[in-house]
There are 2 protein chains.
Amino acid sequence: MNPEEIVQMMSRQGMRITDQRKTLATLFARAKGYMTPKDVYEQMLHTYSGLSFDTVYRNLRIMHEMGVLEQFVFEDGIKFRLHCQENDHHHHVICLSCEQTYPVVFCPMEQIPGLPEGFRPVKHKFEVFGYCKKCREEEAAQ
Amino acid sequence: MNPEEIVQMMSRQGMRITDQRKTLATLFARAKGYMTPKDVYEQMLHTYSGLSFDTVYRNLRIMHEMGVLEQFVFEDGIKFRLHCQENDHHHHVICLSCEQTYPVVFCPMEQIPGLPEGFRPVKHKFEVFGYCKKCREEEAAQ
DNA sequence: TTGTTTGCAAATACTTTGCATACTA
DNA sequence: TAGTATGCAAAGTATTTGCAAACAA
């Protein structure tokens with residue numbers, strides 16, 4: 001998705017489009033992996049020297065509520081990225097080096113045996129972490 | 001696992017066995033689900049009125065490092081429970097109501113298709129959330 | 001007796017809130 | 001113009017650290 005599409009999406013949801021929010025859109029459009037609130041703040045600070053942290057938090061929260069961003073709880077804290085554009089149910093493969101994510105359509109719930117008797121599943125998580133081709137090649141080249 | 005076994009395990013790892021740590025062992029032996037540091041603090045406060053939060057944090061961290069406890073990042077924060085005693089690789093089914101967990105031997109990695117070309121997986125997460133038989137029955141009985 | 005554990009106090013990190021001003025629509 | 005967004009200051013929550021006294025081995 002390009003920045004304009006993101007801005008449109010935000011606008012459609014009733015958000016007012018400020019310069020900062022345009023920059024946020026550009027930032028997330030360009031981002032390869034996930035970003036922490038701190039990452040976002042630091043990136044934005046280049047352009048807006050008077051930027052405050054609470055505005056970043058507010059916008060991240062709103063953009064998450066609007067479904068523009070996706071929030072992911074890593075061991076080391078919460079991170080954000082653009083909301084996944086895949087329509088069908090899918091899972092993610094995440095590179096531990098560049099944090100790029102790849103969708104996988106395979107879903108283990110379709111064939112899971114051995115659920116406890118009487119257990120009614122309502123949601124599940126399946127994520128694979130590792131190293132993508134590009135990062136492995138770069139690593140090997142050093 | 002009973003409290004004595006947990007205490008032995010801690011002792012074997014070189015931890016000194018204080019009254020508080022014995023109580024911690026008892027607490028986790030009895031706990032059905034996961035506990036937040038706050039839960040633990042509040043439980044312990046019944047017995048130790050002068051208890052401080054930092055001691056709870058310290059002990060939880062140490063017991064996690066020693067492999068006595070298991071740490072789980074939920075959306076609403078970090079929680080702890082006894083480290084799983086299953087030997088073989090397995091995954092967890094977690095009840096959203098009582099937080100009781102059940103092991104499942106099935107592992108989706110054994111048959112996952114569609115990994116991006118050249119991606120080398122190093123770890124994965126697979127967790128199923130829902131409601132266990134007991135909680136569903138209790139819910140229905142109301 | 002030695003070295004670990006504890007409580008206290010304070011520091012740090014992260015996130016949220018109230019309010020006046022600035023800006024979008 | 002009406003109402004939202006921003007920066008500032010401050011508060012709230014979660015977690016960590018340094019230190020002296022208490023305690024386990």
Side-chain angles (χ1 to χ4, degrees), chain A residues 3-4 6-28 34-66 68-69 71-80, chain B residues 3-4 6-28 34-66 68-69 71-80:
Chain A
E4 291 73 31
I6 300 171
V7 167
Q8 271 174 40
M9 194 168 163
M10 292 161 75
S11 180
R12 236 180 291 127
Q13 312 255 18
M15 290 176 71
R16 294 199 170 169
I17 306 309
T18 63
D19 278 0
Q20 289 196 18
R21 286 176 173 178
K22 276 185 208 151
T23 307
L24 269 173
T26 308
L27 212 63
F28 278 103
Y34 287 86
M35 286 197 288
T36 62
K38 200 177 163 196
D39 292 338
V40 175
Y41 175 73
E42 282 166 1
Q43 292 281 330
M44 300 270 296
L45 206 57
H46 298 157
T47 318
Y48 308 93
S49 53
L51 183 68
S52 65
F53 233 120
D54 49 82
T55 304
V56 171
Y57 275 111
R58 260 187 299 237
N59 279 325
L60 289 177
R61 182 164 46 76
I62 292 170
M63 289 168 78
H64 176 236
E65 283 166 10
M66 299 283 179
V68 178
L69 296 182
Q71 190 178 302
F72 196 104
V73 186
F74 284 91
E75 309 260 320
D76 61 340
I78 291 177
K79 301 186 184 182
F80 295 85
Chain B
E4 291 72 32
I6 300 171
V7 167
Q8 270 175 39
M9 196 169 162
M10 291 161 77
S11 178
R12 236 180 290 125
Q13 310 255 23
M15 288 175 73
R16 294 197 170 171
I17 305 309
T18 63
D19 277 1
Q20 289 197 17
R21 286 177 175 176
K22 276 184 209 153
T23 306
L24 270 173
T26 308
L27 212 62
F28 277 103
Y34 287 85
M35 286 197 287
T36 62
K38 200 177 163 197
D39 292 337
V40 175
Y41 175 73
E42 282 166 2
Q43 292 280 332
M44 300 270 297
L45 207 56
H46 297 157
T47 318
Y48 308 93
S49 54
L51 183 69
S52 64
F53 232 122
D54 49 83
T55 305
V56 171
Y57 275 113
R58 261 187 299 234
N59 279 325
L60 290 176
R61 183 164 45 76
I62 292 170
M63 289 168 78
H64 177 236
E65 284 167 10
M66 299 284 179
V68 177
L69 297 183
Q71 190 178 302
F72 196 103
V73 187
F74 284 90
E75 307 262 320
D76 61 340
I78 290 178
K79 302 186 185 182
F80 295 85

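In what follows, chains are A, B, ... by sequence order, proteins preceding strands, each numbered from 1.
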- Message: Rounded to whole Å, how long is the line connecting atom CG of A/Asp76 with atom P of C/dC14?
- Response: 10 Å
- Task: Look at the side chain of B/Tyr57 and decide which nucleotide, out of D/dT6, C/dG7, D/dA14, has an atom nearest to it.
- Result: D/dA14
- Item | Beyond-backbone contact of A/Tyr48 with A/Asp19, side-chain heavy atoms, under 4.5 angstrom | yes
- Using a heavy-atom cut-off of under 4.0 Å over every strand shown, decide if B/Leu51 touches base, sugar-phosphate, or nothing. sugar-phosphate
- Testing C/dG7, D/dC8, C/dT24 for proximity to the side chain of A/Thr18, the answer is C/dT24
- Query: Quick one: A/Tyr48 OH to C/dA22 C1', roughly how many Å, whole number?
  - Reply: 15 Å
- Does the ring centre of B/Phe72 sit less than 6.0 Å away from the ring centre of B/Phe80? no
- Considering only C/dT5, C/dT6, D/dG7, which nucleotide approaches the side chain of B/Thr55 most closely? C/dT6
- Note on the structure: Rounded to whole Å, the CZ-P distance (B/Phe53 to D/dT16) equals 12 Å
- CG (A/Asn59) and CZ (A/Arg21) are apart, to the nearest 0.5 Å, by 4.5 Å
- Query: CD of B/Glu42 versus P of D/dA14: gap in Å, rounded?
  - Reply: 10 Å
- Task: Look at the side chain of A/Arg21 and decide which nucleotide, out of C/dT6, D/dA5, D/dA9, has an atom nearest to it.
- Result: D/dA5
- Item | Test item: B/Leu24 and B/Met63 side chains (from C-beta on) under 4.5 Å apart, heavy atoms | yes
- Mapping A/Met15 and B/Asp19 to their closest nucleotides on DNA chain D, which lands nearer the 5' end? A/Met15
- Nearest listed nucleotide, side chain of A/Arg16, among C/dT24, C/dT15, C/dG7: C/dT24
- Please figure out whether A/Lys38 or A/Arg58 has its closest DNA chain C nucleotide nearer the 5' end. A/Lys38
- Between atom CD1 in B/Ile62 and atom C1' in C/dT4, what is the gap in whole Å? 9 Å
- Round to the nearest Å and state the distance from A/Leu60 atom CG to C/dC14 atom C1'. 13 Å
- Task: Can you tell me the distance, in whole Å, between the CD1 atom of B/Ile17 and the C1' atom of D/dA24?
- Result: 9 Å
- Length of the NE2-C1' vector between B/His64 and D/dT16, whole Å: 17 Å
- Does B/Gln20 put a side-chain nitrogen or oxygen below 4.0 Å from OP1 or OP2 of D/dC23? no
- Message: Checking side-chain contact (heavy atoms from CB on, under 4.5 Å) between B/Val40 and each of B/Glu42, B/Gln43, B/Lys38, B/Met44, which is the one that passes?
- Response: B/Met44
